[in-house]
Structures are given as structure tokens and as C-alpha cells.
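Here is how names work: the chains are called A, B, and so on, in the same order as the sequence lines, proteins then strands, and each is numbered from 1.
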Amino acid sequence: MTPTRRTVLLIGLASIAAMGVGTVTLGLRGTTTVEAPPELTLFSVEQYSVLCAIADTLHTGANGLPTGTMAGVPLALDHVVGTMNPADRDEFLQALTLIENALVGALLDQRTTTFTGSSPEVRAETLRAWQNSRVYVRRQAFKALKGLCAGVYWSQPEMGRLAGYLGPMDYGQASSEKPTTFAQHAVAEPSEPLEVQP
Amino acid sequence: MSGRIVQGTDITSPQDLTCDVCIVGSGAGGSVLAARLAEAGLSVIVLEEGGYYARPDFDLNLASAFDRLYQDGGRRATDDLSITVLQGRSIGGSTTINWTTCYRTPDRILDHWRDVHGVDTLSAEVLGPHWDRVEDRLNIHTWDEVAPNAHNSILSAGCEALDWEYGILRRNVKNCGNSGYCGHGCPLDAKQAMHVTFIPDACRAGAVVYADVRADRYEVEDGRVIAVHASVMDRATKKPTQTTVIVRPKIAVTSGGAINSPALLIRSGITQGPVGERTFLHPVVALVATYDRDITPWAGAPQSVASHQFIDRGPDTMGCFLEVPPMHPMLASVSSPLFGDDEAAFMANLKRTGTLIALHVDGLVPGDNGGTVTIDAHDRIRVNYPLTALHQEAFQFSHERMAEVHFAAGATEVMSLHGEPLRMHALADAAQLATKSYGAHEHPIFTAHQMGGCMMGPDPATSVVDTHLKHHHIDNLYVVDGSVFPTALGVNPSQTIYGIASWAAEHIAVAAR
Ligand SMILES: Cc1cc2nc3c(=O)[nH]c(=O)nc-3n(C[C@H](O)[C@H](O)[C@H](O)COP(=O)(O)OP(=O)(O)OC[C@H]3O[C@@H](n4cnc5c(N)ncnc54)[C@H](O)[C@@H]3O)c2cc1C
Ligand code: SF4
């Protein structure tokens, strides 16, 4: 879940120009890449690598939890972002570029390296700077990325269990019988099944 | 007509259909209306863009629930992403995933609609018999057979200690197993949502309900809808297939819910009047707290207590009411500003974390016109909802009140959800809430109650439908859902919509004959 729509979009190059960065061609040259899984359908290796760096900054592997990449967040987002409205999708990809780009980092956050080329501490500082930026569109972008990554990460049952959440019990919902497995209170009468016909 | 549900995969060739009434949307408004009209002997077709999911499909996994049952897979948001918009998209609409709280419309709201917006057709007397019938069918009752869960008990205990008003909620449930999964699709069919009540009623009376079929536009000729053009949707990609459905009804009804109903009118070029304007959201802010006891905020009926202590804060201020949300790990993490090691620590303590929410009543203060719905050049629905000084003041006020409740209920630490959270360890610390900023992108804001956008009223210049819900300019077009509200309600909206739909069925049936 989360607000990914129109992601950072508003934060496109026009916004960056408005922030005083001038007209520049921003790309993902210089990105420190990681090995990309063959299943990727949308992200380039560079985009996937940036997303891994973001996902691992949001979910560092603390408390015995897996990192964002280990939890498969970037790969899952390849699918999620791929199903978005094309305009939303483009805006999302633009956001990745802006976070990664060293020139933007230098102008906004005194960061001289690319995001993927930065240490974990600098990456965390960078995301915090986006989260609390006085530039509204950066806060927007952070919210979109954090929401998407956290949504994918914590929707996985294994992660929930690590938070003490055992996940749903078996309520017997696949059965047409009255459920009996959760009889703390009276069980429900199943509704009359509807006939589904062509 | 032999009533049934037809799913998208069953429609393999283009369809051209006729009927008395075609209803777009199978949620709170569309389902009640479909059942009443079919029972009155009319031929009814319902088009629903979402899939038909029922108990066997509810795997209770939040990711699949959002993907299948929510608009935009749960990623719907206002234009600037500052407000996350939770809204349903399946047979049953938002009732399939709502949290079961039911209220009759407060008198003060019906009075306000009459006095300020000229809606003189609706009153407690007019709606009373309809609510009685709906309450009977949906088993709406004060849910006092089971004690509130630990999470909701925070609100009752806090209000009790502060001597504030609170109450046990009425819910549309039968033999509720107190599982806590209302937002994922009820695993026991205990929630009397539309897909287990009025939709089966409608089908039994002959209505044909098409799942996975999205109404794209109305074709209008000489001031009448002559056809509803629709596409069969592919469930996996949520994109239209090549297969089309055309319905040629005597009467067309839009029940797509706030946001989608005005969007459908705009896409159809039916833009007379303030369509899309006055969209209200009951904007929600939250405050979390740590307790030295287990709260397990995901377990048990999600909402069973509410406080309306601050519903009316006097002129020129926005009132609010307090409730408790279900906090499954995914919702908790998405709502929290924390990340990295801080988030891991927060989530490790989720079991002892309680969350209160404040829902703000928009549209009542003069000049508070809510948001607007438009369609952009990429055919995206855009909801623009400005958060003004009125909201900011109200959000700060509600943060302060929620902090009071948390501490009165025994919280050991209360934390705001600002980008840089404020951590409070005693009530005196809550004074620092005044130093924080409130509004867009300062802290999370949600809505689960979308209202308005096709407002009812007597004047075509200031409303979209008349006070009997008929479009001011299109003779055979009605709107029957939460989009017709002139303001927000100050209570959870589903029962108001059920009641209005049941009432509207009476005159729509006459018009369709
Ligand atoms: C998580 C959550 C919790 C909630 N909890 C409560 C609660 O406890 N109590 C309460 O009173 N209210 C609650 N609500 C709100 C309540 O459920 C809604 O206000 C109510 O269902 C709205 O009714 P509606 O008829 O206006 O729209 P909906 O019930 O949303 O139905 C609209 C339907 O129309 C379909 N549709 C839209 N456009 C098209 C189209 N072009 N073609 C075909 N189909 C279309 C949609 O897919 C949807 O299924 C909750 C909502 C959510 C999301
Ligand atoms: S609490 Fe559980 S059993 Fe009760 S209505 Fe909600 S989902 Fe169904």
C-alpha cells in the first residue's frame, strides 16, 4: 500500500531546476551496480541497484531482520511499479534518478558521491534529509519510496512474525462448513453461496 | 431475468444488453439500490470494476487484500501524496473491507444540509424506516456481547479517566469471531457486508451483477443517457481487455463512490455544475504510544469504541472524533516515519503499541470546500485536497487530545508520527506538540471516508444532483452513493449511504416504470 502515485514526479527535473540546479542532464551514470535478477521486467540494472540501496537503508537488517534486498523488496517493486499508470511509473523512475545523482546530492545535501556509492551512514543521512527537507517535493518523494518499500517488506508473513505477529489463524474460510477453528465466540453461519455462472 | 454474478473471465465476446436500471458500482449505495429495485420487479444490471471475492478468497494477507480489494492496490492518494486514500474495489465495494462501525446520520448534519444546502427531502423521519430495514438485514446492533479488545480499551479507559464522552459502537456483524481482519475481507462471513447480504438479495430477485467490468463513460443524447460503455478488466493487470460491454438502460445510476462517481461523469463529458467539487475525506491523523502491557493492536474487532467529545468545537473550528484502527504490521510500518534501526526497534515493540486516530469533520465551516476531483491528460483521477490553516489547527488540537487519552490510559511513552517524531514521557511533555508543524507531509494523513463530489441540492449552479438524487441536466441519470453528501458527516458513513440508497430506490423505481 501507500502513496506512490505521482511519486516524485512533481519533483521532476523542472522542480530541480526551480531549486536552482539549473538545466542538467541527469542520468544513472556512475551508479555502483549490484547483480540484478533475471526476472526484472521494468528496472534497468542501475535502477534496480539504486532501489536496493534505498531498500537496504530503510531496512538495514537490524534486530535479526532481513535487509530490504534480502526480503525481495526491489524485485517486488519491479512488478508493482510496472503495473502503474505509465505517467506514475515514469515519475517513480525519475525519483530514483534524483536520489542517486551526485550532482543533485552535492547541491542539496553536500553529498559528493552517488547514493549507491555512499556509505550506509551517508545513505541514511541522505534519506533523512529528503524526509525532513524544507523542499516539499523531496518530502513527498521520501514518503512515496518509504511507503512502497515498507509496504512490500512488512506485508510478508515472515517479517510480521518477527514483530510478534503470528499472522492469521486458519478460519476455515475455504470450507463451506461452519468454521470451527476459531471458536472463542460463536462461529458465523456461512452465507448462502452464490451461484457464479457465465 | 435469472439473477447471478458474472465474472470477467466468463465474458468472452462483446455484450450489448438492455435493462430497466443499470447501476455502476456494487458498494454500500449500489448494492442496497440493486436489491430494492430488483425486489420491486425491475430488471437490474450492476457493473463493478473490481473482482468478485468472497470468503474462500480471503487469505488475510494484507498484500493480497490490498491488491485485490482496494482502489489502486491501496496506493490511491491525493494529488500531492499527502493523504493516503483507502477505498474499496470489489463486489461489495468498501463494505467488503470496512471496519463495520455503523451510525445513523446525526440530526445536526441533516439539519445543516437542510438549512445551509437546501436538502429538505432527508430527515430522521424520512430515513428512519429505511434504517430500520437496513439494520434488520445487516444485523446492526450495539456490539456489547464481547468486551472491546485491549486496543479499543485504551480509548474507553482514557475517556473514562478524563470524564470524556465515549460509547460502544454499533456494528453490522453476525456471530463475529473477533478476529481483527475486517480490513482484509471477513474470514467468517460474520461481517454483513454487501457481498453477503444485499448483493445475494439482488441476485435472488433477478439482478445480474457483472464483476471485473468498468463503466468507462455514459453516452448522452438529447439530455438522456442512452448507453453505458464499459470494458471487461483483466484482474491481474487491472487494465481493460479488448472485450466491451454496452448496457442500454431506461435509468442509469452512478454508485461508484466518492471520487470515482464524479470521475465517471467528467470522463463522460457530464460536467455541468460543481462536479468533482466539495470532496470531503474526514482526514485522519494518528498518535502512537507504548504501553507496559500487551496491546496486540491487530487482534480483535478493529473498531468497537469511539469518542465524540470534540465533535463540535464551536464556530470556525473543525471538530473531530476519536477511534482506534487495526494495526497490522504493514499498516503500522507504512504509517510510521521511522526507518532503519529505529523502525526495527519500533516494530519489535508493536505488540505493546497502541494507536489512536482522530477523524476531522470537513465541510461544515463556511469556506471549507474540501477537495476536487479531476481527470488529467494521462487519464488519471486526481484528487486535490488542500490542507489549510483550519486543518492544521484541528490536527494540532487532536494530537493534544489523543496524547491526553494515551497518558490517561497508562501509556509510558507517546510518540508523534512527524518526520522527526516528538517523544513524550508525561502529559506535561505534550505541550511540546505546539512546537511541531501540522499538515501535508508533516505527518501521515489517511482517509477511509470519501464523501461528496456529486453534491445534492436544489440549485443546479451549486449542486450536481437534485434533492431526489436525479442529475440536474440528464433526465434519466441518478447518483446514489457517498458522493452526494453536501458535507462530511462526523460519523462513519456507511449507514447513511445504505439509508439514502434504500430511500432513493422508492422514487427511482417509479421513474423506471
Ligand atoms: C478500510 C476502510 C474502513 C472503513 N470502515 C468503515 C466503518 O467502520 N464504518 C463505516 O461506516 N464506513 C467505513 N468505511 C467507509 C465505507 O465503507 C464507505 O463510506 C462506503 O462503503 C461508501 O459507499 P459507496 O457506495 O459510496 O462506495 P463504495 O462502497 O466504495 O462502492 C463503490 C464501488 O463502485 C465501484 N466502481 C467505481 N467506479 C466504477 C466504474 N467506473 N465502473 C464500475 N465500478 C466502479 C468500486 O470498485 C466500488 O466497488 C471504511 C472504508 C475503508 C476503505
Ligand atoms: S472481527 Fe473478524 S470475524 Fe468479526 S467481522 Fe471483522 S473480520 Fe469478521
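- Within 6.0 Å of CD in Glu39(A) there are more than 12 heavy atoms belonging to other residues, nucleotides or ligands.
- Side-chain atoms of Lys351(B) do not come within 3.5 Å of backbone N or O of Tyr165(A) as any donor-acceptor pair.
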Test log, rule side-chain contact (heavy atoms from CB on, under 4.5 Å), inputs Arg75(B) and Val80(A): CA-CA 10 Å; Arg75(B) 292 187 298 273; Val80(A) 171; 3.2 Å; yes

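- Looking only at heavy-atom pairs under 4.5 Å with chain A, the residue among Thr296(B), Ile11(B), Leu338(B), Val209(B) that has the most is Leu338(B).
- Of all the listed residues (Gly61(A), Gly164(A), Pro120(A), Ala150(A)), the one sharing the greatest number of non-hydrogen pairs under 4.5 Å with chain B is Ala150(A).
- Using a 4.5 Å cut-off between heavy atoms, Ala440(B) contacts chain A through both its backbone and its side chain.
- Chain A forms more heavy-atom pairs under 4.5 Å with one residue of His441(B), Gln192(B), Lys238(B), His328(B) than with any other, namely His441(B).
- Contact count against chain B (heavy-atom pairs under 4.5 Å) is highest for Leu58(A) among Leu127(A), Leu58(A), Thr83(A).
- For the pair Val152(A)/Met330(B), no side-chain contact is recorded, criterion being any heavy-atom separation below 4.5 Å from C-beta on.
- Between the side chain of Lys146(A) and the main chain of Phe339(B), no donor-acceptor pair closer than 3.5 Å is present.
- Both the backbone and the side chain of Ser336(B) come within less than 4.5 Å of a heavy atom of chain A.
- Contact check for Arg380(B) versus Asp88(A): side-chain heavy atoms found under the 4.5 Å cut-off.
- The closest side-chain heavy-atom distance from Thr84(B) to Lys143(A) is below 4.5 Å.
- Note on Gly340(B), Ala236(B), Gly180(B): by heavy-atom pairs under 4.5 Å with chain A, the leading option is Gly340(B).
- Closest approach of Asn63(A) and Ala344(B) over heavy atoms only: ND2-O, 3.4 Å.
- Side-chain contact between Asp341(B) and Thr60(A) is present, with at least one heavy-atom pair separated by less than 4.5 Å.
- Counting heavy atoms from C-beta on, the side chains of Met347(B) and Met159(A) never come closer than 4.5 Å.
- Interface summary for chain B: among Ser155(A), Cys149(A), Gly160(A), the most heavy-atom pairs under 4.5 angstrom belong to Ser155(A).
- At least one side-chain heavy atom of Gln131(A) sits under 4.5 Å from a side-chain heavy atom of Pro337(B).
- Looking only at distances, no side-chain donor or acceptor of Gln140(A) sits under 3.5 Å from a matching main-chain atom of Ser82(B).
- Using a cut-off of 4.0 Å between Lys/Arg side-chain N and Asp/Glu carboxylate O, Arg128(A) and Glu420(B) are scored as not salt-bridged.
- Residue with the most contacts toward chain B among Asp56(A), Leu65(A), Thr57(A): Thr57(A) (heavy-atom pairs, distance under 4.5 Å).
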